[in-house]
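A short write-up of the structure that comes next.
Worth saying up front: this structure is predicted, and the values here are computed from it rather than measured. Just so you know, these numbers use all the heavy atoms, side chains as well, and skip hydrogens, waters and symmetry mates.
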Protein chains: 2
Amino acid sequence: MVTRDRQRRVTITDVAKHAQVSTTAVSKVLQNAYGVSEAMRAKVRAAIDELGYRPHNAARAMRGRTFTIGVLLPHIRNPFFADILDGLTEEISGSGYQAIMVQSGGRGPAAERRASDALVDRQVDGILWVAPLCSKSQLEKMAGDTPLVVLGRHDRSALYDCVLDDDEIGAALVVEHLIALGHRRIAHITDDVGGRSSVLLQTVRATTYERVMTEHGLAEHIAVAATSYTEEGGYEGTRELLARDPRPTAIFAGADQAAFGALAAIHEAGLTVPGDISVAGYDNARVVGFAHIALTSVDQDGALMGKTAGRLLLERIGGRTSAVRFSVTPTLVPRRSTAPPKTP
Amino acid sequence: MVTRDRQRRVTITDVAKHAQVSTTAVSKVLQNAYGVSEAMRAKVRAAIDELGYRPHNAARAMRGRTFTIGVLLPHIRNPFFADILDGLTEEISGSGYQAIMVQSGGRGPAAERRASDALVDRQVDGILWVAPLCSKSQLEKMAGDTPLVVLGRHDRSALYDCVLDDDEIGAALVVEHLIALGHRRIAHITDDVGGRSSVLLQTVRATTYERVMTEHGLAEHIAVAATSYTEEGGYEGTRELLARDPRPTAIFAGADQAAFGALAAIHEAGLTVPGDISVAGYDNARVVGFAHIALTSVDQDGALMGKTAGRLLLERIGGRTSAVRFSVTPTLVPRRSTAPPKTP
DNA sequence: TAGGCGATGGGTAACGTTCCCCACGGTGGG
DNA sequence: CCCACCGTGGGGAACGTTACCCATCGCCTA
């Protein structure tokens, strides 16, 4: 490998020389530390501006802080994650921290592990982990190294904070909405890529679906397609469900993305929404209200969740060691994709 | 701020002690450097495994390399970016490099600047910058610090590589497709958030639209709504276009996301697609084929572009200094959202 | 007036890694 | 037999920043 002849960076030493003070003084100004006179502050600030100095992150990292927050996302295809990230960005902007994202999903637990290691190795000051699949003990191990906030997972730990929506309420809202409309043959599309652990939100949604169906005496109509929370998953799952006889009159997809795939499969089968089949999703990503077929969905305020996660992370970085659990209550947003079933 | 009592990391010194060799030797093994016997290699490898050693990234960064590639995306809402990232990830997986993402857009040029600075400050070994808005001189300045590949921008530089699709061909394909169907009043939705520089792909698409219209004697029907490549932008732009009299019979949205917004606005106005109005997008993000209304779009193979960008970046990091420009030829994917206009 | 104290500024040793050197031992050719 | 050379391994400085600790100075109090 050839060494690039990049121009030498401006360092804290250059600033110190230029301002005719010590590097320590410059560092103190940078940290807003105690024991710096106003005159010193001004002098150093001027030198920094004049030279266009920017702190060298790696050097800071060697001393313990990087002013970086790592975000682990399964992937970036789900628009709901963008809402979360917007909230996070809003919260940490102005705090001096910068968020970096890494994709954790798509290639199984080994990839997830690699991605989380990558953030730890890069010495980020805190990690927001969205929908982790790994074990609680692994999360706690990481929390020992780095302040950690977990989003979208139903467990508790004394070592990290949890931000989630109440998926039991959300899923129940959908199923009860469909039942209230008169549906009985209501099917569900779930994600089983990460297994069926009860801490995973997809498991909670699926279990709640089954519970509510049973409570309403509809246990015999329970029909679950276990694919994934993606367009492809929704498409395949729906094809599977449509092949059953009698076919469902409503489909509750565990995520909006899967619901999109469901719409495609239904259309391809020559059926209409909501005429022949009602479809509901979950997440209420901004796009679903804009879609041609406005999708009934469950809103869980991703921006608020992201914002809260950012706040909790900053608190933890600031020294809080007690654990916090923040849960938002989801609401149903009925739109045109759900309607009473045709009388048979 | 409280110092966390995180357990001390395993360092190269620990490995060296455990293997009873020097730190230099361990480093050499890590680098696959010349001058290391097979026995030494094995001994060090064993010690590394036994201790679970992972190199400390910040310390490496101080010496020049981080094994990190930075990706600057305007935002993560556009599913097309996910295709690019998949390609990049595929290419660099196994190379020892890790990609980290930063959002550059959403809050104007200052935010873009902050995001790019963040990556430079974090000493990434190379940067893939998707759809930058800043000036060429700023890009070249960055390229002096860090190997740079720019994706989706119509310029050339001796200092960085360019990956793009031929937007002239792509836009022409759409407009000619609509004209061939019999449309005359074809409108366009463009993005002018980043200004109207001719190096921006949105400008190229808009200019090409006007050129092809003119070439077909349809100059008087040119109608452009300048909003943004988002659902909201497509929605607002379409409302604006629908208010004209006579209203267009076809809308070419410069991006799929905007096309989704257009579909919503058209539906809201009580019109049908493609019955009353044809709609075409650009990017052919995977989701558009799945949507209920399958959208006519332009495919530019984001995965290939991402993969190529990754390759070029690795080459540049490896020492290549000559500039490369890689252009994919887009293809039209006609779907159900475009059809001949109603005879008036 | 001496001693102490608070406020400010600086010297310097780390942090973990790499890489430029140099040392050492063995081998082969003159 | 001596010297040059090659293959291997190690010593140690350097990267930029921070934080501990000490020095200095001016002022207040006993």
Side-chain angles (χ1 to χ4, degrees), chain A residues 1-4 6-44 47-48 51-68 96 120-123 125 145, chain B residues 1-4 6-44 47-48 51-68 96 120-123 125 145:
Chain A
M1 117 133 202
V2 175
T3 319
R4 301 173 60 80
R6 41 185 89 177
Q7 54 262 42
R8 217 177 59 74
R9 275 187 81 94
V10 178
T11 74
I12 202 173
T13 315
D14 301 327
V15 175
K17 267 195 203 114
H18 193 257
Q20 314 210 41
V21 297
S22 70
T23 58
T24 302
V26 178
S27 178
K28 279 182 183 167
V29 171
L30 254 28
Q31 311 294 318
N32 281 319
Y34 172 81
V36 182
S37 66
E38 209 37 68
M40 170 67 88
R41 210 174 288 281
K43 198 162 51 171
V44 170
I48 287 176
L51 269 51
Y53 165 78
R54 296 205 311 259
H56 189 306
N57 214 269
R60 283 183 149 178
M62 296 240 23
R63 301 285 312 166
R65 302 183 70 179
T66 55
F67 296 95
T68 306
V120 174
D121 290 345
R122 277 158 189 78
Q123 296 272 112
D125 294 330
D145 281 339
Chain B
M1 120 133 198
V2 177
T3 319
R4 299 172 61 78
R6 43 184 89 178
Q7 54 263 45
R8 219 177 58 74
R9 275 187 79 96
V10 177
T11 74
I12 202 173
T13 315
D14 300 327
V15 175
K17 267 197 203 112
H18 194 258
Q20 315 211 40
V21 298
S22 70
T23 59
T24 304
V26 178
S27 179
K28 278 181 183 167
V29 171
L30 253 29
Q31 311 294 317
N32 280 320
Y34 171 83
V36 181
S37 65
E38 208 36 67
M40 171 69 89
R41 209 173 289 281
K43 199 163 48 171
V44 171
I48 287 177
L51 269 54
Y53 165 78
R54 296 204 311 258
H56 188 305
N57 215 268
R60 285 184 148 176
M62 295 236 34
R63 302 286 313 166
R65 303 184 70 181
T66 55
F67 297 95
T68 306
V120 173
D121 291 346
R122 277 159 188 77
Q123 296 272 111
D125 294 330
D145 281 338

Mind running side chain to side chain donor-acceptor pair (under 3.5 Å) on A:T68 and A:R122 for me, showing each step along the way? CA-CA 9 Å; A:T68 306; A:R122 277 158 189 78; over 6 Å; no
Write down the atom of A:A61, the atom of A:Q123, and the distance for their closest heavy-atom approach.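 A:A61 and A:Q123 have their closest heavy atoms at O-NE2, 3.5 Å.
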Polar atom pairs (N or O), protein with nucleotides 5-8 of chain C, under 3.5 Å:
{"unit_1": "C:dA7", "atom_1": "OP2", "unit_2": "A:Y34", "atom_2": "OH", "d": "2.8"}

Distance check needed: [N] [atom2] versus [X] [atom1], whole Å only.
| X | N | atom1 | atom2 | answer |
| --- | --- | --- | --- | --- |
| A:R54 | D:dT17 | CZ | C1' | 16 Å |
| A:H56 | D:dA14 | NE2 | C1' | 13 Å |
| A:M62 | C:dG16 | CE | C1' | 4 Å |
| B:K17 | C:dT17 | NZ | P | 12 Å |
| B:N57 | C:dG16 | CG | P | 14 Å |
| B:R122 | D:dG16 | CZ | P | 17 Å |
| B:D14 | C:dT17 | CG | P | 9 Å |
| B:I12 | C:dC19 | CD1 | C1' | 12 Å |

Name all residues meeting the side-chain hydrogen bond (donor to acceptor under 3.5 Å, both in side chains) criterion together with A:R63; count only those two or more places apart in sequence or in a different chain, and write none if there are none.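 By the side-chain hydrogen bond (donor to acceptor under 3.5 Å, both in side chains) rule, A:R63 matches no residue at all.
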Any B:L30 side-chain heavy atom under 4.5 Å of B:I12 side chain: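 Yes, close enough: below the 4.5 Å cut-off.
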Base, backbone or nothing for each nucleotide of nucleotides 19-24 of chain D, written B, S, -, heavy atoms under 4.0 angstrom, 5' to 3'? B-----
List the residues meeting side chain to side chain contact (heavy atoms under 4.5 Å, CB included) with B:A33, not counting sequence neighbours, and say none if there are none.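 So B:A33 forms a side chain to side chain contact (heavy atoms under 4.5 Å, CB included) with B:K28, B:Q31.
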Given B:D14, which partner from the list B:L51, B:I48, B:T23 fulfils the side chain to side chain contact (heavy atoms under 4.5 Å, CB included) test?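 Considering B:L51, B:I48, B:T23, a side chain to side chain contact (heavy atoms under 4.5 Å, CB included) with B:D14 is found only for B:L51.
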Enumerate the salt bridge (Lys or Arg N to Asp or Glu O under 4.0 Å) contacts for residues 51-61 of chain A, please, sequence neighbours excluded, ordered by first and then second residue.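 Sorted pair list: A:R54-B:D117, A:R54-B:D121.
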Can you pull out every salt bridge (Lys or Arg N to Asp or Glu O under 4.0 Å) where at least one residue sits in residues 32-42 of chain A? Sequence neighbours excluded, please.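 As it turns out, the salt bridge (Lys or Arg N to Asp or Glu O under 4.0 Å) pairs with a partner in residues 32-42 of chain A, which skip direct neighbours, are A:E38-A:R41.
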Of the listed nucleotides (C:dT17, D:dG10, C:dG16), which one gets closest to any side-chain atom of B:S22?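 Comparing C:dT17, D:dG10, C:dG16 against the side chain of B:S22, the answer is D:dG10.
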Would you say NZ of A:K43 has more than 12 non-hydrogen atoms from neighbouring residues, nucleotides or ligands within 6.0 angstrom?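 Counting neighbours around NZ of A:K43, more than 12 heavy atoms of other residues, nucleotides or ligands fall under 6.0 Å, so yes.
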